[in-house]
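A quick note: this is a predicted structure, and the numbers were derived from the prediction, not measured.
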Amino acid sequence: MPKNHSKSPAGKGPRTPANKPTRLAAKRPTAAVTKAGPDLAQERIVRALETIAAHLSAQGKPAVEAESFKRADAYVWHPDGRLSAVPRVSRVELFLLKGVDRMRDILMENTERFANGLPANNALLWGARGMGKSSLVKAAHASINAERKPADKLKLIEIHREDIESLPALMEQLRASSFRFIVFCDDLSFDGNDASYKSLKAVLEGGIEGRPENVILYATSNRRHLLAREMIENERSTAINPGEAVEEKVSLSDRFGLWLGFHRCSQDEYLAMVRGYCSHFGIRVDDETLEREALEWSTTRGSRSGRVAWQFVQELAGRLGVKLTA
């Protein structure tokens with residue numbers, strides 16, 4: 001008796017070899033995706049390693065050659081280790097800075113001592129806005145260099161506030177140079193939970209290496225202690241030992257041997273600034289009109305300062321068609 005062929009379950013056709021290729025074909029896309037996963041992960045790892053290698057290469061750059069500092073007297077520091085030469089510094093002449101005679105004389109004496117290889121202090125120029133703090137630093141640098149030989153000139157290097165954590169790397173590059181450097185940070189201050197001021201303290205004084213003998217730091221700020229008053233008050237009110245907390249906060253400004261305070265100028269000093277600029281740039285206006293318009297300009301600005309005086313002179317020169325060239 002012939003054997004009966006086994007039947008497939010109801011609703012399903014007989015299992016034939018023809019069905020198998022169909023199932024295998026359906027699985028192929030899944031296999032392709034699985035294979036692409038490791039390749040994509042491997043590509044990401046390679047990219048990450050390349051990024052890390054680039055950062056390590058930038059950090060491991062050799063010190064700047066001494067020859068490169070002969071190109072210019074001023075540079076801008078970049079946190080990736082580059083120093084960009086500044087062919088022409090934006091500055092005003094030293095004699096045009098009015099109302100800051102005492103601070104000018106102190107800073108000039110300190111800078112000249114440093115340029116001559118004698119001991120000198122880091123300087124913090126703090127106080128009212130627009131009173132010529134950064135202008136004084138740049139003018140002092142230019143004045144000291146005016147009669148010096150190229151090999152004896154001071155180099156001015158500006159470091160931006162947001163790059164202050166890279167200051168140790170800059171110091172390392174400058175340490176081996178035969179030139180002397182003023183490292184300048186404009187509008188240096190710290191807010192909120194910004195703890196980068198702690199690394200700055202060690203660079204200024206207190207670190208193992210110390211500040212290089214051929215480097216001095218000049219900084220400007222509207223704050224005497226470089227920190228917001230709220231930060232100091234919060235520490236005083238919430239710390240277990242308020243005295244120690246406040247001492248830790250204000251100790252940063254103690255690293256600067258010179259504190260030069262700039263205060264709001266009087267009306268006579270403001271007018272002297274305006275007259276000095278007009279005389280220097282050849283702007284001819286009768287004194288009565290000049291005084292009236294200058295005072296009106298300061299009233300609309302709500303303050304009197306060297307910056308306001310300069311802005312008025314630019315307005316006046318533009319209106320009269322006079323170019324601001326000495």
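Using a distance-only test at 3.5 Å, with no hydrogens or angles considered, a donor-acceptor pair links the side chain of Asn116 to the main chain of Glu112. Using a distance-only test at 3.5 Å, with no hydrogens or angles considered, a donor-acceptor pair links the side chain of Thr220 to the main chain of Asp187. Judged purely by atom type and a 3.5 angstrom limit, Lys133 uses its side chain to pair as donor or acceptor with the backbone of Ala128. Looking only at distances, no side-chain donor or acceptor of Ser166 sits under 3.5 Å from a matching main-chain atom of Ala169. For Arg180 (side chain) and Glu213 (main-chain N/O), a donor-acceptor pair under 3.5 Å exists by modelled atom type. Under a 3.5 Å cut-off, the side chain of Asn214 and the backbone N or O of Leu174 do form a donor-acceptor pair. The closest donor-acceptor contact from the side chain of Asn110 to the backbone of Asn121 lies under 3.5 Å. The backbone N or O of Ala139 lies less than 3.5 Å from no partner atom in the side chain of Ser143, so there is not a single donor-acceptor pair.
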| query | For Glu288 and Arg292, what are the C-alpha separation, side-chain angles and deciding distance, and is it a salt bridge (Lys or Arg N to Asp or Glu O under 4.0 Å)? | reply | CA-CA 6 Å; Glu288 183 178 350; Arg292 175 173 50 80; over 6 Å; no
| request: Please step through side-chain contact (heavy atoms from CB on, under 4.5 Å) for the pair Arg129 and Ser305, ending with a clear verdict. | output: CA-CA 8 Å; Arg129 66 186 188 276; Ser305 68; over 6 Å; no
| task | Test side-chain contact (heavy atoms from CB on, under 4.5 Å) on Met108 and Leu94 and set out the steps. | result | CA-CA 10 Å; Met108 282 293 296; Leu94 189 64; 3.9 Å; yes
| Can His160 and Val76 be said to form a side-chain contact (heavy atoms from CB on, under 4.5 Å), step by step? | CA-CA 8 Å; His160 296 137; Val76 175; 3.9 Å; yes
| task | Start with the C-alpha gap between Asp101 and Arg104, add the side-chain angles, then the distance that decides, and say whether side-chain contact (heavy atoms from CB on, under 4.5 Å) holds. | result | CA-CA 5 Å; Asp101 296 350; Arg104 177 199 63 203; 3.5 Å; yes
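Classification of the Phe281-Trp310 ring pair by plane angle, with boundaries at 30° and 60°, yields tilted. Taking the six-membered ring for Trp and thresholds of 30 and 60 degrees, Trp297 and Phe312 have ring planes inclined between 30 and 60 degrees apart.
Counting heavy atoms from C-beta outward, Val285 and Glu293 have side chains that stay 4.5 Å or more apart. Side-chain contact between Leu96 and His280 is present, with at least one heavy-atom pair separated by less than 4.5 Å. Counting heavy atoms from C-beta on, the side chains of Asp73 and Lys155 come closer than 4.5 Å. Side-chain contact between Leu324 and Tyr277: absent, with no pair of heavy atoms (C-beta onward) separated by less than 4.5 Å. Between Gln267 and Leu295 there is a side-chain heavy-atom pair separated by less than 4.5 Å. For the pair Phe256 and Leu217, the minimum side-chain heavy-atom distance is below 4.5 Å. Side-chain contact between Arg275 and Asp287: present, with at least one pair of heavy atoms (C-beta onward) separated by less than 4.5 Å. Here the side chains of Ile144 and Lys153 are not in contact, with every heavy-atom distance at 4.5 Å or above.
Checked against a 6.0 Å centroid threshold, the rings of Tyr75 and Phe69 count as neighbours.
Atom CH2 of Trp259 sits about 13.5 Å away from atom CG of Asn122, to the nearest 0.5 Å. To the nearest 0.5 Å, atoms NE2 (His141) and CZ (Phe181) are separated by 10.5 Å. One distance of note links CD of Glu269 with CZ of Arg304; it measures 9.5 Å at 0.5 Å rounding. Distance check: Leu316 CG to Cys278 SG gives 5.5 Å after rounding to the nearest 0.5 Å. A distance of 4.5 Å separates CG in Leu167 from CD1 in Ile159, rounded to the nearest 0.5 Å. Between the CG atom of Leu136 and the CG atom of Leu107 there is a distance of 5.0 Å, given to the nearest 0.5 Å.
Put simply, Phe179 and Val89 are part of two different groups of oily side chains (I, L, V, M, F, W, Y) that touch within less than 4.5 Å, one to the next. By the rule that hydrophobic residues join a cluster once side-chain heavy atoms approach within less than 4.5 Å of another member, Val274 and Leu320 end up as members of one cluster. Put simply, Phe95 and Tyr270 are part of the same group of oily side chains (I, L, V, M, F, W, Y) that touch within less than 4.5 Å, one to the next.
Nearest heavy atoms, Arg211 versus Ile216: NH1-CA, 3.8 Å. For Val308 against Ser298, the heavy-atom pair with the smallest separation is CG1-CA, 4.1 Å. Heavy-atom minimum distance, Pro212 versus Met171: CD-SD, 3.7 Å. Nearest heavy atoms, Met131 versus Cys265: CE-CB, 3.7 Å. Nearest heavy atom pair, residue Trp77 against residue Ile157, reads CB-CG2, 4.1 Å. Val92 and Ser135 get closest at one heavy-atom pair: CG2-CB, 4.1 Å.
For CZ of Arg148, the number of neighbouring non-hydrogen atoms (other residues, nucleotides, ligands) closer than 6.0 Å is greater than 12. Remark: Glu315 CD is packed, more than 12 non-hydrogen atoms of other residues, nucleotides or ligands lying under 6.0 Å away. For Arg175, the CZ atom counts as densely surrounded, since its 6.0 Å shell holds more than 12 non-hydrogen atoms of other residues, nucleotides or ligands. Within 6.0 Å of CD in Glu162 there are more than 12 heavy atoms belonging to other residues, nucleotides or ligands. Annotation for Arg319: atom CZ counts as buried by contact number, over 12 foreign heavy atoms lying within 6.0 Å. For CD of Gln314, the number of neighbouring non-hydrogen atoms (other residues, nucleotides, ligands) closer than 6.0 Å is greater than 12.
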